[in-house]
Engineer: 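Pasting in a structure now, in structure tokens, and then I'll have a few things to ask.
Naming convention: chains lettered A, B, ... in sequence-line order (proteins, then strands); numbering from 1 in each chain. Only a predicted model underlies this, so the values are computations on that prediction, with no experimental measurement involved. Just so it is clear, the values below take in all heavy atoms, side chains as well, and ignore hydrogens, waters and symmetry mates.
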Amino acid sequence: MTRYNAALTEAKWQKIWADSETFTATEDPTRPKYYVLEMFPYPSGKIHMGHVRNYTQGDVVARYRRAKGFNVLHPMGWDAFGMPAENAAMEHNVHPAKWTYENIAHMRGQLQQMGLSIDWSRELATCDPEYYGQEQKMFLDFLANDLVYRKESWVNWDPVDNTVLANEQVIDGCGWRSGAPVERRRLSQWFLKITDYADELNSALDELPRWPEKVRTMQKNWIGRSEGLRLFFDIDGHEPLEVYTTRPDTIFGACGMAIAADHPLAEKLAQDNPDLQKFIIECRAGATTEEAMEKMEKKGFDTGIVASTPFEDRKLPVFVANFVLMDYGTGAIFMSAAHDQRDLDFAHKYDLDVRTVIRPDDEDDSYAVGRQAYVGPGKLFNSVFLDGMTIEEAKAEVARRAEEGNFGKKTINFRLRDWGISRQRYWGCPIPIVHCDDCGIVPVPKTELPVKLPDDVGFDKPGNPLEHHPTWKNVDCPNCGKAARRETDTFDTFIDSSWYFARFCSPKSDEPVDIAAADYWLPVDQYVGGVEHAILHLLYSRFYTRAMKKVGLSSMDEPFDGLFTQGMVCHETYTDTKGKWVYPADLIHNEDGSYHEKTSGEPVTVGRSVKMSKSKKNVVDPTEIIDQYGADTARWFMLSDSPPERDLEWTEEGVEGAWRFTQRLWRTITTGMEGLTAVQKPAKFSKAAQDLRRICHVSIDSIGRDIEDFHFNNTVAQIYKFSNAIAAFKPDGSDGDAFALNESLTVLVQLVAPMMPHLAEEMWQLMGMPGIVTDTLWPTAQPELMQENSVTIAIQVKGKLKDTIEVAKDMDKAEVEKLALARERIQNAVGDNPIRKVIVVHNRIVNIVI
RNA sequence: GCGUCUGUGGUGAAAUUGGUAAACACAACAGACUUAAAAUCUGUCGGCCGCAAGGCCUUGCCGGUUCAAGUCCGGCCAGACGCACCA
């Protein structure tokens, strides 16, 4: 028997699909649509196993939905702007555009080798001027609609890459890429008003049932909604100080005020206080990472001025403190020592008055906190008009009185901050703005878009190449015509990925989106990607969709109806005798299970399995796997065993197993086909044929549901069961057996097609079936064929399994009970004990209680 | 510190959502075929006791609810991820 030749067969069907434009999608109002999208890749050079897993999962869904009769959109593009291209330019003297487009060409070929059902006619790269020009146009719409502003602010500055870094790009106080200690700088930056939508972005999460709970909570935490009170404290000789608090109930326990180093009051007081000035500078130089801040000593500077508490005649010292953040709340707080650990530590350090005002229910009025702040529930005391109230009642009462007295206001506060989008880099979308000495900030007229990146840039000098370009930034003001300067900052690349899913609906449109096309396709029905984008990309996209709606470019709020986050692909790590990482491909397996290095022959230590990464060299090149085993085998292994949301351990044995199954499936189907002729459905079936038809229809049913629920590992297991049953089936020559086998072979090919599309097409053709299996409707499970006519019932005595009996399905409870009690094993187990109760669960179990 | 999730054989895992724990694989072992190897096929495969029939135990740990718990409830332990001086 011939072996299945994956290389030839896969190339053959990929060509047929491409030539007949099988996956080209067009709007068709008569059919239900289904938009499947995987997060588009950064064109780093070549695809990795994470991509293979991600795109295989998406492709199974796309092909399945197609078979279910949906009009499927399944596009692919490239998140093509970003620093790596500039680094390549600096290191290898290659232009970022050349580097990027060459990578795209290579990676496109790799993805096509995987046999994905992608509509390549919609392909886009975010570095195409046709794409980023539309992005610029949309930015001008945002600007005109009050969604954008420019503000001077403190930023994380990477002195090596010479650019602003987002907070999440700063790791341990150093730039994530350069490793250089990050500096704080004050710069004028463009911001998008994501905070306008903070409340909505938060509450709408509850209406995304097809998103993982985990991602929704992560976004909730990130948005950080809190309900509290803004409260004014009078200060002699100064404006009243506004603080934000979520614990107004502890007001009578207030022991002092603390304001941020960047607070206007602090700056004002510092003007004639050199020591305070020094302290403020110290604070600003302080660490920027969370970890460092946590360890940082809580320091305060007593300004000498005092604030008056609102409800009583008490003076509180005002500190400038290094732990108060200017951009959260109002940049000022009142400290309540007894009921906040940090405040308590601070009070002890600076010898402030600790007043306990809340006591647990099992304490009396002599209760006072020690070294440990009390943050639990309880009743107010030592608190004048709040005495005896619960915390919630006290909060409400303070708010009521403060609002009545006009020195406070209930507010909802968010942790989320506006999105700073300016980057001082070349390889990004230019911000379409001109700076004119007379007219100020002038948008580039839409007719002059796109503002294209210049090709002739150098990367020899540090800093922004656009800044160094001799002529590019010199333009005439679009408003007054005088000489002016182009903005040389580019967009954060997260902007590019915040709307690409919408662009896919009409990738050639002269407007950012064609509303009719977007209305047909959006929202994305199933989005698939890594959980590392749980906050940034997914939150930005949700905001962007709302911003687009505001300017008339979208009809909806939520871009992604269903979200699935897949796990990582992991591999064992290997180190040589010098502790250096070794590639798995450079290993030789010893007889005893250990390894040695291929060329040097040195022994190698096996380390724990972690996410595949170039730095640890625990990577396997997908191309080598596909060349050796074929795409179908690689896809099959990606779907086997591990649930898709969990990490997948890549093993040589696993791929071998998948490869053996590919061959076995080929054998099972080709052997089954031998001498098989089409027969009419007969009236009677043998027992064996009935059994085969049962597993056939059960498979149709369960595999469909498992694909819809992303339980691909169960899908794979069911295919194993089904094909094992077919392989074991020996037709007796009757029409019934021939029919059952024929039916099962056809169905098996259809069920396996979303996972192993090439093999399925080849089989479909060999079986002489019409058309291609990709365009064939999913088979229908017939419930009456799935039924068994007998069931195995477990018999327990006192909850422990003692016996099983085979009875007719739906047998009467009393009859089942009688049969169960008659069993010898049961009688032995029961013995002389009186039977207190017998529980019979229909078609399932009998439990005898003694 | 707060939040979310996970914990089942040598391994990846499954379990109709409270009803026979370990489906389906991987690895291992034994056998068949072969001059041999590969490939393929057959069988065994959670633990303990037993020649066997069979018995007992077993889903991180402790307790609870229930006729019945991997599944529900309470407490603990371990690990992963996210957030974190957030007032």
Side-chain angles (χ1 to χ4, degrees), chain A residues 1 3 212-226 228-229 243-248 250 258 260 286-287 289-298 321-325 327-336 340-343 345-346 375 413-416 531-532 534-535 593 637 640-643 645-649 651-658 660-661 663-664 667 702 705 711 713-722 724 727 792-804 825 828-829 836-850:
Chain A
M1 173 174 300
R3 281 175 53 114
E213 183 70 41
K214 178 183 167 160
V215 174
R216 286 186 282 161
T217 13
M218 279 165 72
Q219 291 209 356
K220 287 212 163 189
N221 290 340
W222 184 264
I223 296 167
R225 182 183 193 274
S226 70
L229 188 67
V243 306
Y244 173 72
T245 179
T246 55
R247 293 301 301 272
T250 64
T289 66
E290 293 99 41
E291 203 190 340
M293 281 194 282
E294 184 60 28
K295 287 181 196 133
M296 192 171 70
E297 197 189 349
K298 312 284 184 277
N322 65 351
F323 58 84
V324 179
L325 307 169
D327 44 11
Y328 184 80
T330 61
I333 59 169
F334 80 78
M335 291 181 284
S336 192
D340 181 290
Q341 194 57 46
R342 187 199 56 209
D343 293 351
D345 295 343
F346 192 88
V375 294
N413 198 59
F414 296 93
R415 207 187 69 94
L416 185 70
V531 74
E532 65 273 18
I535 295 169
F637 176 59
S640 310
D641 292 346
S642 288
E645 70 279 8
R646 264 191 241 177
D647 288 352
L648 173 101
E649 168 79 5
T651 61
E652 192 61 27
E653 295 79 21
V655 192
E656 291 281 350
R660 280 199 299 272
F661 180 70
Q663 293 295 345
R664 199 158 94 219
R667 276 197 310 275
S702 71
R705 275 184 289 114
H711 295 155
N713 51 326
N714 292 358
T715 302
V716 166
Q718 188 62 35
I719 293 281
Y720 270 110
K721 285 183 205 171
F722 186 24
N724 287 348
T792 309
I793 296 206
I795 310 169
Q796 298 179 333
V797 176
K798 277 207 302 189
K800 287 197 192 293
L801 182 72
K802 293 293 172 188
D803 201 0
T804 58
R825 286 190 191 177
N828 289 342
R836 292 180 17 216
K837 204 197 236 180
V838 178
I839 285 140
V840 183
V841 181
H842 185 64
N843 283 342
R844 197 141 282 168
I845 206 164
V846 178
N847 192 9
I848 296 152
V849 190
I850 53 174

Engineer: With rounding to the closest Å, how many angstrom separate the P atoms on B:rA28 and B:rG63?
Structural biologist: 40 Å
Engineer: Which one, B:rA21, B:rU4, B:rA27, comes nearest to the side chain of A:Lys214?
Structural biologist: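 In terms of side-chain proximity for A:Lys214, the closest of B:rA21, B:rU4, B:rA27 is B:rU4.
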Engineer: Can you tell me how far P in B:rA23 sits from the matching atom in B:rU11, rounded to whole Å?
Structural biologist: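 Taking atom P in both B:rA23 and B:rU11, they lie 15 Å apart.
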Engineer: What is the distance, rounded to the nearest whole Å, between atom NZ of A:Lys721 and atom C1' of B:rU16?
Structural biologist: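 Checked: the NZ to C1' distance equals 11 Å.
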Engineer: Taking only side-chain nitrogens and oxygens of A:Arg415, does any of them come within less than 4.0 Å of OP1 or OP2 of B:rA84?
Structural biologist: yes
Engineer: Could you state the CG-P distance from A:Asp647 to B:rC5, rounded to the nearest angstrom?
Structural biologist: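 Spelled out: CG on A:Asp647 to P on B:rC5 is 17 Å.
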Engineer: Please determine, for B:rG31, whether a Watson-Crick or G-U wobble partner exists with both distances under 3.5 Å, and give it or none.
Structural biologist: B:rC41
Engineer: Tell me what A:Val324 touches on the nucleic acid: a base, only sugar-phosphate, or nothing, going by heavy atoms under 4.0 Å.
Structural biologist: base
Engineer: For atom P, what is the distance between B:rA69 and B:rC48, given to the nearest Å?
Structural biologist: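 Comparing P positions in B:rA69 and B:rC48 gives a spacing of 25 Å.
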Engineer: Between B:rC24, B:rG19, B:rA87, which nucleotide gets closest to the side-chain atoms of A:Ala717?
Structural biologist: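 Looking only at heavy atoms from C-beta outward on A:Ala717, the closest nucleotide is B:rC24.
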Engineer: What's the closest nucleotide to the A:Asn714 side chain, out of B:rA15, B:rA87, B:rC67?
Structural biologist: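 Among the listed nucleotides, the one closest to the side chain of A:Asn714 is B:rA15.
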Engineer: The side chain of A:Asp641 is closest to which nucleotide in this list: B:rG12, B:rC26, B:rG54?
Structural biologist: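 Of the candidates, B:rG12 comes closest.
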Engineer: How close or far is atom P of B:rU11 from atom CG of A:Asn713, stated in whole angstroms?
Structural biologist: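 After rounding, the gap between these two atoms is 18 Å.
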Engineer: Would you tell me if any nitrogen or oxygen in the side chain of A:Arg646 comes within less than 4.0 Å of OP1 or OP2 on B:rA14?
Structural biologist: yes
Engineer: Between A:Asn221 and B:rC86, does any side-chain N or O lie under 4.0 Å from OP1 or OP2?
Structural biologist: no
Engineer: Can you tell me the distance, in whole Å, between the CZ atom of A:Arg705 and the C1' atom of B:rA15?
Structural biologist: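 A:Arg705 atom CZ is separated from B:rA15 atom C1' by 14 Å.
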Engineer: Please confirm whether the shortest side-chain N or O distance from A:Lys298 to OP1 or OP2 of B:rA87 is below 4.0 Å.
Structural biologist: no
Engineer: Consider the side chain of A:Lys800, meaning its heavy atoms from C-beta on, and name the nucleotide among B:rC57, B:rA84, B:rC24 that approaches it most closely.
Structural biologist: B:rC57
Engineer: Round to the nearest Å and state the distance from A:Asn843 atom CG to B:rG18 atom C1'.
Structural biologist: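 A:Asn843 atom CG is separated from B:rG18 atom C1' by 17 Å.
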Engineer: Roughly how many Å is it from CD1 in A:Ile845 to P in B:rA68, rounded to a whole number?
Structural biologist: 12 Å
Engineer: Does a nitrogen or oxygen in the side chain of A:Arg342 sit under 4.0 Å from OP1 or OP2 of B:rC86?
Structural biologist: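 Checking A:Arg342 against B:rC86: at least one side-chain N or O falls below 4.0 Å of OP1 or OP2.
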Engineer: Are any protein N/O atoms closer than 3.5 Å to N/O atoms in nucleotides 40-51 of chain B? If there are, list each pair with its distance.
Structural biologist:
none

Engineer: Compare the minimum distances between each of B:rA84, B:rU20, B:rG19 and the side chain of A:Thr804, then state the nucleotide with the smallest one.
Structural biologist: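 Selected nucleotide: B:rU20.
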Engineer: Tell me whether the OP1 or OP2 atom of B:rA25 has a side-chain N or O from A:Tyr720 closer than 4.0 Å.
Structural biologist: no
Engineer: Grab the CZ-P distance between A:Phe323 and B:rC86 for me, whole Å please.
Structural biologist: 9 Å
Engineer: For the residue pair A:Phe334 and A:Asp343, establish whether any side-chain heavy-atom pair is separated by less than 4.5 Å.
Structural biologist: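 A:Phe334 does not reach A:Asp343 side chain to side chain.
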Engineer: How would you label the contact of A:Val849 with the nucleic acid (heavy atoms, under 4.0 Å): base, sugar-phosphate, or nothing?
Structural biologist: sugar-phosphate
Engineer: How far does the C1' atom of B:rG46 sit from the matching atom of B:rU42, given to the nearest Å?
Structural biologist: 23 Å
